[in-house]
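Below: the structure, in structure tokens.
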Protein chains: 2
Amino acid sequence: MTFSKSFGYALRGILYVSLLKDEPRKISIDEIAEKLSVPRHFLGKIMKAVVKAGILSSTRGLQGGFFINEKTLHTPLLTIILLTEGNNYFNTCLLSMRKCNSANPCPLHNKVEGHKDGLLQIYGQTLVSDLLQDDKADFIKSLATVEAA
Amino acid sequence: MTFSKSFGYALRGILYVSLLKDEPRKISIDEIAEKLSVPRHFLGKIMKAVVKAGILSSTRGLQGGFFINEKTLHTPLLTIILLTEGNNYFNTCLLSMRKCNSANPCPLHNKVEGHKDGLLQIYGQTLVSDLLQDDKADFIKSLATVEAA
DNA sequence: TTAATAAAGGATACCAATATCCTTTTATTT
DNA sequence: AAATAAAAGGATATTGGTATCCTTTATTAA
């Protein structure tokens, strides 16, 4: 039921860049970090992985930055989850038993399998584009939500 | 979709002690650790918390060890989860946004809320006794399942 | 072709979860 | 009472996720 912070940073970064897809400029890591209230250097490391996975594109140099490509908006959440949490995220046994599977289930396995599959469905079918909202200003605010100072 | 190792160790320890509830002897930490193939000292720390929470009982001294009490078998999984993962486990935002809730939802919030509630239901309703299996030898083996050497 | 800008990449620090060890307390047995 | 056995408790590694900084590479603009 939980993801690492990396996942949240990655998805929010992707959404921020996607939201500004109609602007001619590219989006710098500094801008993303500032608008999302996220540690700049750590975000840079994550965004690098996102670009390497082909989910976003980037160019270096003056006027450089991040921008969407043909894959970005059609990327399912599942792809981002597996990127940040590791490919075995949905295969790991809830009881940390290494040989747990359908054939040799741990005591919890069958109880949660249905919901696990349900979540997999959701994450596999929900695309980046499905999470974008029309009101940009409002959406950016919601992406950056942080605790009151 | 994941729990810490502590949760797996705790639940498996509880199940092991519960399974042997008809034996007159108490169950030592050494026996549990060995049968479950789990680090002995770390398990000790977790079992201490389990006892402190009243989910199991224990006595020190010669012939001491762990044993079930009136609560053990009726304990819902949720209690154990909150013990090992922290009370906010089901309240944390998937995108690490600190102010995310129904009134001010993050982009993922509504997508998964249903399944989150479903899992909460399962964990709240499934009791320790529901996970015990009749064939003791078989069940112990399944609790201890580890990777092939 | 030089200066400026920005991502990529590598090195290091920090912290919490995980794991181990050692000492203390408690209970039982002799 | 003394010896023993076992959990409780505290102190200390170890590891992986998180976070920061610095250098390198690439691109653009003057």
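Within every chain, numbering begins at 1; the chains are lettered A, B, ... in the order of the sequence lines, protein sequences first and strands thereafter.
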To the nearest angstrom, the CD-P distance between Glu85(B) and dA17(C) comes to 10 Å

Quick one: are Leu132(A) and Ser18(A) in side-chain contact, heavy atoms under 4.5 Å?
yes

To the nearest angstrom, the CZ-C1' distance between Phe3(B) and dT18(C) comes to 18 Å

*Short question: side chain of Asn104(A), backbone of Asn101(A) - any donor-acceptor pair under 3.5 Å?*
no

Heavy atoms only, 4.0 Å cut-off, all strands: where does Ile27(B) land among base, sugar-phosphate and nothing? sugar-phosphate

Contact check, side chains of Gln125(B) and Pro76(B), non-hydrogen atoms, under 4.5 Å = no

>> Please tell me if Tyr9(B) has a side-chain N or O lying less than 4.0 Å from either OP1 or OP2 of dT18(C).
In response: no

Whether the side chain of Thr79(B) engages the backbone of Thr75(B) through a donor-acceptor N/O pair (distance < 3.5 Å, no angle test) should be reported.
no

Assign each of Pro39(A) and Gly64(A) the nucleotide of DNA chain D bearing its closest heavy atom; nearer the 5' end lies the nucleotide of Pro39(A)

Against the side chain of Leu62(B), the closest entry in dT18(C), dT29(C), dT26(C) is dT29(C)

Does Phe67(B) form a side-chain contact (heavy atoms from CB on, under 4.5 Å) with Leu56(B)? I'd like the steps, not just the answer.
CA-CA 6 Å; Phe67(B) 55 97; Leu56(B) 279 178; over 6 Å; no

Give me, pair by pair, the N or O atoms of the protein and of nucleotides 11-14 of chain C that are less than 3.5 Å apart, along with how far apart they are.
| unit_1 | atom_1 | unit_2 | atom_2 | d |
| --- | --- | --- | --- | --- |
| dA11(C) | N6 | Lys45(A) | NZ | 3.4 |

Per nearest nucleotide of DNA chain D, the residue lying toward the 5' end, Thr59(A) or Arg40(B), is Arg40(B)

From NZ of Lys48(A) across to C1' of dA7(C) the rounded distance in Å is 10 Å

- prompt: What nucleic acid atoms does Ile46(A) come within less than 4.0 Å of, heavy atoms only: base, sugar-phosphate, or nothing?
  reply: nothing

Spell out, as yes or no, whether a donor-acceptor pair under 3.5 Å connects the side chain of Asn88(B) to the backbone of Asn91(B). no

(request) Return no unless some side-chain N or O of Ser4(B) is found under 4.0 Å from OP1 or OP2 of dT18(C). (result) yes

5'-most to 3'-most nt of DNA chain D touching chain A (<4.0 Å, heavy-atom partner on protein side) reads dT18(D) to dA29(D)

Whole-Å distance, Phe67(B) CZ to dA27(C) C1', equals 12 Å

To the nearest angstrom, the CE-P distance between Met47(A) and dA6(C) comes to 15 Å

* **Side-chain heavy-atom pair His109(A), Ser102(A) within 4.5 angstrom cut-off** => yes

Do Tyr123(A) and Phe3(A) make the cut of ring centroids closer than 6.0 angstrom?
yes

| message | With a cut-off of less than 4.0 Å, is there a side-chain N or O of Gln63(B) near OP1 or OP2 of dT29(C)? | response | yes

Original post:
Hey, does Leu119(A) have a side-chain heavy atom less than 4.5 Å from the side chain of Lys116(B)?
Top reply: no

Rounded to whole Å, the CG-C1' distance (Leu43(A) to dA8(C)) equals 14 Å

